[in-house]
Amino acid sequence: MIKRQEIYLKLKYLKNRTVLLISAIFLLITFITFFVYQSGGTRFSYTYLVYIPIILAAYFYNIKGGLLAALIGGLFLGPLMPLNTETMVMQSFENWFFRMLLFMIIGSFSGALFSFLESQIEEINKIAYYYQETGLANLIKMKSDLEAKIENDGDFYLIIININNFLDIYKLIGFTNFSNYINKFVEHIRDFKNIKDSIYQLNENKYGLTIDKNKVDNFEFFLKEFVIYLEQAIDFKHVSIFNEITLGISTSPEQSQIADELINQSFLALEKAAEKRINYWIYEEQEKDLEYSDSNIEILAQVKNSITEDNFELYYQPKINLRTNEIEAFEALIRWHHPEKGFLTPDRFISIVEQSSLIESLTNWVIKEAAADLNIYKEKIKASQINLAINISARNLQQPEFTDNLIKVLRQEGVDPCQLRLEITETELMLDIKENIKKLKRLKDHGIQIYLDDFGKGYSSLKYLKELPVDFIKIDGYFIRSISIEESAENIIYSIINMAHALDLKVVAEGVENQIQLDFLNDLGCDFAQGYYFARPGSKEKIIHWIKNNNYYILK
Ligand code: C2E
Ligand code: CA
Ligand code: CA
């Protein structure tokens, strides 16, 4: 079974299938000639069997093929073949010449007919399956290609690309130029990595394409890069045009094996991305159940109560400057004194809270608490300068009043914004990168410094770093844990540090637990480190005690 398949595949992908077909037609002619010879010669009606290979050749190679086969057939049945093989009577010149002429007329006529039919079918297909203005494959074609892909057990993503600002582009370049621009845009898409497959035009601003799963190692990373790539300016008639892009994605066979359903899901995902004001969304069946499950709703209700009842507490963990042994800042890490479940770390609740607007209230509480704590630190340890870092999520940045509110709280508490740092994860920042860059710039204008948290985990390309208005990069703890275990992780740390330094950014290693890791980081010139090796996260009281009792790490 396997062998047969292999042979079939080899035949299918034989580079020169033309040679194969011509040989087959030639063989067929030889066989028929032999048959005619055996049955008595050209006097008999079997001669007409030669029309079969001639018409076949005309079908495959049109006029050229028909003529060539007619010539070969004519020669075989002409000068080389007697009229009667029993009596060995040869045929006259006029006789075989006339037959060959007839073959050639039929060969060229059927060749012409086939090529005419082909062009007609092509024309009809074009009208049915292609967008008239741009010549791109349309929704009907996409559906039928999807069906074929599913039939062949395809494992793929269906991506719908929406150009959000297409009306602006339309106005800018005018109606007559629009389809030329779209062709250029589609070419731009095709230049991205693995995209060799069809790109379908669904309407003026929506385009579809499929990506085979085996072509991408990390799909989220692929999407991030893809969005950034699509939003690059396209030069059109000396005007730089920017596309604002949203992607909606569905997955086959996981989410559906019906073409219509997949298309629907991608559209729903597109809607969801737009609603969340992020660049892409991957459709998930269980999404709704997860978001609105009873236990999650319960947790949200309890978080709400606990904010008013002050059941949260901030723990702190120092970041150490590896050159000077100074404490650069303390990171605030939230803890929950749950009325029933006791002491909870954020992995038990923060991702649930981040999915709801409650994260706004929780971050508000963190800001106020951190600012108040900063004043307590100053008073208790008499340090001139202590810096605190708080973690925020993408949803916080989306709040229009976030920056103003933050500055207001700091002012009320008498805290200098230069003493506050914000940590935001690389993955969250990338979701709506353009908008987020603007917001971060505003924060930085007030003197607030930014850490890019969990760097490396989201696999964003290092090249985007230079566009991000951040001050520090925190290498994700996963890489630090892999030091002396995994060589590739060490190489990644090496390149992150070099790249960051080339861009004038400072590097923090998180989750440093032992001397080996610390030595490795020191050798590579890492600037700051944080982790159990120096201090575990602890309550304010514990941290104050730690500062007073350690004579190695100093306050600025
Ligand atoms: P993160 O910002 O990456 O914080 C680092 C986590 O690693 C913390 O977990 C910290 O306790 C832990 N850690 C520190 N040093 C070491 C070490 O040497 N080894 C190991 N194995 N772990 C270490 P934690 O406190 O459970 O926080 C988990 C995550 O929750 C944080 O990850 C952060 O993303 C989030 N989070 C914490 N507090 C807040 C908050 O106030 N607001 C928001 N939005 N998120 C928060
Ligand atoms: Ca953090
Ligand atoms: Ca982190």
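Heavy atoms only: backbone and side chains are in, while hydrogens, waters and symmetry mates are out. Read the numbers this way: they start at 1 and go in the same order the structure lists the ligands and their atoms.
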S.K.: What do you reckon, are the aromatic ring centroids of Phe528 and Tyr451 less than 6.0 Å apart?
M.R.: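 No, the ring centres sit 6.0 Å or more apart.
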S.K.: Testing Asn205, Asn279, Thr246 for side chain to side chain donor-acceptor pair (under 3.5 Å) with Asn164, which one passes?
M.R.: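 With Asn164 as partner, Asn205, Asn279, Thr246 yield a single side chain to side chain donor-acceptor pair (under 3.5 Å), made by Thr246.
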S.K.: Are Tyr377 and Phe330 close enough that their ring centers fall under 6.0 Å?
M.R.: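 Close enough - the centres of the two rings lie under 6.0 Å apart.
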S.K.: Hey, what's the ring geometry for Phe192 with Tyr229, parallel, tilted or perpendicular (30° and 60° as the breaks)?
M.R.: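 Correct class here is tilted.
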S.K.: May I have all residue pairs that pass salt bridge (charged side-chain N to carboxylate O under 4.0 Å, His left out) and include part of residues 357-379, sequence neighbours excluded?
M.R.: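 Residue pairs passing salt bridge (charged side-chain N to carboxylate O under 4.0 Å, His left out), neighbours aside: Asp373-Lys540.
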S.K.: Is Glu187 salt-bridged to Arg190, going by a charged N under 4.0 Å from an acidic O?
M.R.: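 No, no charged N to carboxylate O under 4.0 Å.
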S.K.: Name the residues with a heavy atom less than 4.0 Å from ligand 1?
M.R.: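 Close residues (ligand 1, cut-off 4.0 Å): Gln317, Glu331, Leu333, Ile334, Arg335, Pro346, Ile350, Glu354, Val366, Asn391, Asp453, Asp454, Glu510, Gly511, Val512, Glu513, Gly531, Tyr532, Pro537.
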S.K.: Which atom, counting only N, O or S, brings Glu331 closest to the Ca ion (ligand 2)?
M.R.: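 Answer by atom name: OE2.
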S.K.: Using the side chain to side chain donor-acceptor pair (under 3.5 Å) rule, collect all pairs that involve residues 501-510, keeping only residues at least two apart or in two chains.
M.R.: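 Checked against side chain to side chain donor-acceptor pair (under 3.5 Å) - neighbours excluded - the pairs reaching residues 501-510 are His501-Asp527.
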S.K.: For the Ca ion (ligand 3), what is the number of protein N, O or S atoms at a distance under 3.0 Å?
M.R.: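 Under the 3.0 Å cut-off, the count stands at 4.
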S.K.: Identify the two heavy atoms, one from Gln317 and one from Pro537, that lie closest to each other, and give their separation to 0.1 Å.
M.R.: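 Nearest heavy atoms, Gln317 then Pro537: NE2-CD, 3.8 Å.
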S.K.: How are the rings of Phe219 and Phe222 set relative to one another: parallel (under 30°), tilted (30 to 60°) or perpendicular (over 60°)?
M.R.: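 Ring orientation, 0 to 90° scale: parallel.
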S.K.: Using ring centroids (six-membered ring only for Trp), state whether His337 and Phe343 fall under 6.0 Å.
M.R.: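 Close enough - the centres of the two rings lie under 6.0 Å apart.
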